[in-house]
> 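Please find one structure pasted underneath; my questions will follow.
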Number of protein chains: 2
Amino acid sequence: MGRRHFVVTTSVEPPLRGSPYRAGCPTRRILDRIGDRWTVLIVGALWDGSARFSELRRRIEGISQKMLTQTLRGLERDGLVRRTVYPEVPVRVEYTLTEAGRSLREPLRALEEWSITHLGDVSASQEAYDRAD
Amino acid sequence: MGRRHFVVTTSVEPPLRGSPYRAGCPTRRILDRIGDRWTVLIVGALWDGSARFSELRRRIEGISQKMLTQTLRGLERDGLVRRTVYPEVPVRVEYTLTEAGRSLREPLRALEEWSITHLGDVSASQEAYDRAD
DNA sequence: CCGTATCCTTCCCGATACTG
DNA sequence: CAGTATCGGGAAGGATACGG
C-alpha cells in the first residue's frame, strides 16, 4: 500500500474533537507535533545537514524502523522535512530540514535552556516530595 | 490511601530505561513533563493568580477530576505548583504557580509564537500532502 | 537499502463509584 | 469541596516478518 492512508489529525477545526479539550490552544497544537517520543531527536539529528534513512537510524540510538519511518512521514507531511529519493540501485533516500523545520530551533532552544537551568531543582523537589510521604 | 505511591519517573538516571532512547536529552526531558494533554493548560489557567480545585475544573473545559488531580500532583511534586490547604469546612484548596512554574513562561511563549506564525503553513502542507495520494 | 504489514504489550486517560 | 479507587477502551510504540 502506498501512503494514501494517514491517521489524519486534520488541521483547521479550532476547538475540539472527542472531548472539549483546548485543542485549539496554539501551544498545545505544537506540543501535539513535537511532544512525542522521537520528533525532537530526529530534528536534532538533522540539524547540521541532511542524512539518509540508515544514517538516522544509527544516530538516534534505540529508534525502531517503524517509528523512524512514521515520524519522518509526519514531519514531511507537516512540511518540516524534505524527502528526496535517488532512484539508484539500491535506492538512496535523503532527509533534510526545510526552512520551516529549521525555524523550530528557537522554541526548542528555549525549552532546552529551561531544562538545563531548572531540571536540577525539579529533581530535588521530586526527591523532597517523595521523602515526605 | 495517602500520596505515598507515585509512578516515579525518577530523576537522575541520565541515559535510558527500557530502550536506549535519549531520555537524557534536556529538551526531551522537559517535553516529558509538559508534553502531556493537560499540563500547559493548567499552567495557563494558573497564569494570573491562584485558583481552587473547582475553579480550575471550570476553567479547563473537558478535564476530568482524575486528570486534574493527577496533573496537579505532578506539578506539585516537580515544584512548579504550590498547594495550600485551608482546613475550613468544607475544605478549601488553593493552587498557585511557584517561581519555577512561572519561569516556564519563556519557553511556552516561544512555542506559542512558533505555533502562531507557522501552523498555517503546516496545515497547508498537510492538505497538499494528503491530496497528492 | 528503505521501507510496509501485522501482532502484541504498555500506558494514558476517561467514566464511574465512593469517602472525609 | 476535594479528592481516591477501580475498570476498561484506545492509542503509542516495540518486535518481527516480509516486499520493491
Side-chain angles (χ1 to χ4, degrees), chain A residues 1-9 16-23 28 31-39 41-42 50-58 60-76 81 83-95 133, chain B residues 1-9 16-23 28 31-39 41-42 50-74 76 81 83-95 133:
Chain A
M1 191 180 296
R3 35 199 180 83
R4 267 152 296 276
H5 295 302
F6 228 83
V7 187
V8 180
T9 310
L16 51 110
R17 203 159 19 233
S19 66
Y21 116 97
R22 290 270 158 66
R28 276 243 31 87
L31 283 175
D32 280 339
R33 324 211 136 270
I34 68 168
D36 63 47
R37 205 170 159 87
W38 299 110
T39 294
L41 297 174
I42 292 181
S50 42
R52 29 197 311 195
F53 189 85
S54 46
E55 172 63 17
L56 283 175
R57 243 198 128 173
R58 244 171 291 116
I60 305 168
E61 196 183 355
I63 194 169
S64 66
Q65 199 166 30
K66 174 190 171 187
M67 287 316 296
L68 181 53
T69 302
Q70 190 176 115
T71 310
L72 283 169
R73 286 294 177 279
L75 285 166
E76 187 195 2
V81 157
R83 176 174 180 270
T84 314
V85 182
Y86 298 93
E88 312 167 349
V89 181
V91 71
R92 179 166 59 100
V93 181
E94 292 266 358
Y95 292 94
D133 261 17
Chain B
M1 192 181 295
R3 36 199 180 80
R4 269 152 296 275
H5 295 302
F6 228 85
V7 187
V8 180
T9 311
L16 53 109
R17 202 161 21 237
S19 65
Y21 116 98
R22 290 271 158 67
R28 276 244 31 86
L31 283 175
D32 279 340
R33 323 211 135 271
I34 69 169
D36 63 47
R37 205 169 160 86
W38 299 111
T39 294
L41 297 175
I42 292 181
S50 42
R52 25 195 317 193
F53 188 85
S54 46
E55 173 63 16
L56 283 175
R57 242 198 127 172
R58 244 170 290 118
R59 286 195 203 170
I60 305 167
E61 197 182 354
I63 194 169
S64 66
Q65 198 165 31
K66 176 190 168 185
M67 288 315 296
L68 181 52
T69 301
Q70 190 175 113
T71 310
L72 283 170
R73 286 293 177 279
E76 187 195 3
V81 157
R83 176 174 180 270
T84 315
V85 182
Y86 298 93
E88 311 166 351
V89 181
V91 71
R92 180 166 60 100
V93 180
E94 292 267 357
Y95 290 95
D133 260 16

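Heavy-atom basis, side chains included; hydrogens, waters and symmetry copies ignored. Just so you know, these numbers come straight off a predicted model, no measurement behind them. Chain A is the first sequence line, chain B the second, and so forth, proteins listed ahead of strands; every chain is numbered from 1.
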> Whole-Å distance between D:dA12 P and A:Asp32 CG?
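Those two atoms, CG and P, are 10 Å apart.
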> Can you check whether B:Thr39 reaches A:Leu31 side chain to side chain, under 4.5 Å on heavy atoms?
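A side-chain contact is absent here, since even the closest heavy-atom pair is not under 4.5 Å.
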> Which pair of non-hydrogen atoms, one from A:Val91 and one from A:Tyr86, has the smallest distance, and what is that distance?
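Closest heavy-atom pair between A:Val91 and A:Tyr86: CG2-O, 3.6 Å.
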> D:dA2, D:dG14, C:dG14: which one has an atom nearest the side-chain heavy atoms of B:Met67?
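Among the listed nucleotides, the one closest to the side chain of B:Met67 is C:dG14.
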> Which one, C:dT6, C:dT4, C:dG14, comes nearest to the side chain of A:Arg73?
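Of C:dT6, C:dT4, C:dG14, C:dT4 is nearest to the side chain of A:Arg73.
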> Atom CG of B:Asp36 to atom C1' of D:dA12: distance rounded to whole Å?
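About 15 Å, once rounded to whole Å.
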> Check every atom of D:dG3, C:dC2, D:dA15 against the side chain of A:Val93 and return the nucleotide holding the closest atom.
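Between D:dG3, C:dC2, D:dA15, the one nearest the side chain of A:Val93 would be C:dC2.
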> Mind checking if B:Gln65 touches a base, just sugar-phosphate, or nothing, with heavy atoms under 4.0 Å?
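Base, at least one base heavy atom under 4.0 Å.
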> Counting side-chain heavy atoms from C-beta on, which of C:dG14, C:dT4, D:dG13 comes nearest to B:Trp38?
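Among the listed nucleotides, the one closest to the side chain of B:Trp38 is C:dG14.
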> For the pair made of CG in B:Leu68 and P in D:dG3, what is the distance, rounded to whole Å?
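Answer to the nearest Å: 8 Å.
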> Could you pick out which residue, B:Arg92 or A:Ser64, lies toward the 5' side of DNA chain D when each is mapped onto its nearest nucleotide?
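Nearer the 5' end of the strand: B:Arg92.
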> Check whether any side-chain nitrogen or oxygen of A:Ser54 sits under 4.0 Å from OP1 or OP2 of C:dC2, and answer yes or no.
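So the side chain of A:Ser54 is within the cut-off, an N or O lying under 4.0 Å from OP1 or OP2 of C:dC2.
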> Might you point out which heavy atoms bring B:Arg52 and B:Glu94 nearest each other, and give the distance in Å?
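B:Arg52 and B:Glu94 have their closest heavy atoms at N-OE1, 4.1 Å.
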> To the nearest 0.5 Å, how far apart are CD1 in A:Ile34 and CD1 in A:Ile42?
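Rounded to the nearest 0.5 Å, the CD1-CD1 separation comes to 13.0 Å.
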> Applying side-chain contact (heavy atoms from CB on, under 4.5 Å) to B:Arg73 and B:Gln70, what does each step give before you reach the verdict?
CA-CA 5 Å; B:Arg73 286 293 177 279; B:Gln70 190 175 113; 5.8 Å; no
> Would one find a side-chain N or O of B:Tyr95 under 4.0 angstrom from OP1 or OP2 of D:dC1?
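Result: no.
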> To the nearest angstrom, how far is B:Arg57 atom CZ from D:dC1 atom C1'?
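Value for this atom pair: 11 Å.
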> Could you state the atom-to-atom distance from CD of A:Gln70 to C1' of C:dA5 in whole Å?
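Computing the A:Gln70:CD to C:dA5:C1' distance gives 13 Å.
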> Looking only at heavy atoms, what is the nearest atom pair of B:Trp38 and B:Thr71, with distance?
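Shortest heavy-atom separation between B:Trp38 and B:Thr71 comes out as CB-OG1, 4.0 Å.
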> For the pair made of OH in A:Tyr86 and P in C:dG3, what is the distance, rounded to whole Å?
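Computing the A:Tyr86:OH to C:dG3:P distance gives 13 Å.
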> At under 4.0 Å, does any side-chain N or O of B:Arg37 touch on OP1 or OP2 of D:dA12?
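Negative; the distance criterion is not met.
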> Can you measure A:Lys66 atom NZ to C:dA5 atom C1' for me and round it to whole angstrom units?
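So the two atoms are 10 Å apart, to the nearest Å.
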> Could you go through A:Leu41 and B:Arg28, starting from their C-alpha distance and side-chain angles, then the distance that decides it, and tell me whether this counts as side-chain contact (heavy atoms from CB on, under 4.5 Å)?
CA-CA 8 Å; A:Leu41 297 174; B:Arg28 276 244 31 86; 3.9 Å; yes
> What does the inter-axis angle of the helix from C:dC1-D:dG20 to C:dG20-D:dC1 come out as, five pairs per end, nearest 10 degrees?
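For the helix from C:dC1-D:dG20 to C:dG20-D:dC1, the axes at opposite ends meet at about 40°.
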> Heavy atoms only: give me the nearest B:Val81-B:Tyr95 pair and the separation to one decimal.
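For B:Val81 versus B:Tyr95, the nearest heavy atoms are CG1-CD2, 3.8 Å.
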> Measure from the side chain of A:Arg52, starting at C-beta and using heavy atoms only, and say which of C:dC1, C:dG3, D:dG13 lies closest.
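Looking only at side-chain atoms, A:Arg52 lies closest to C:dC1.
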> Please report, rounded to the nearest Å, how far the P atom of C:dC13 is from the CD1 atom of B:Ile42.
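These atoms are roughly 11 Å apart.
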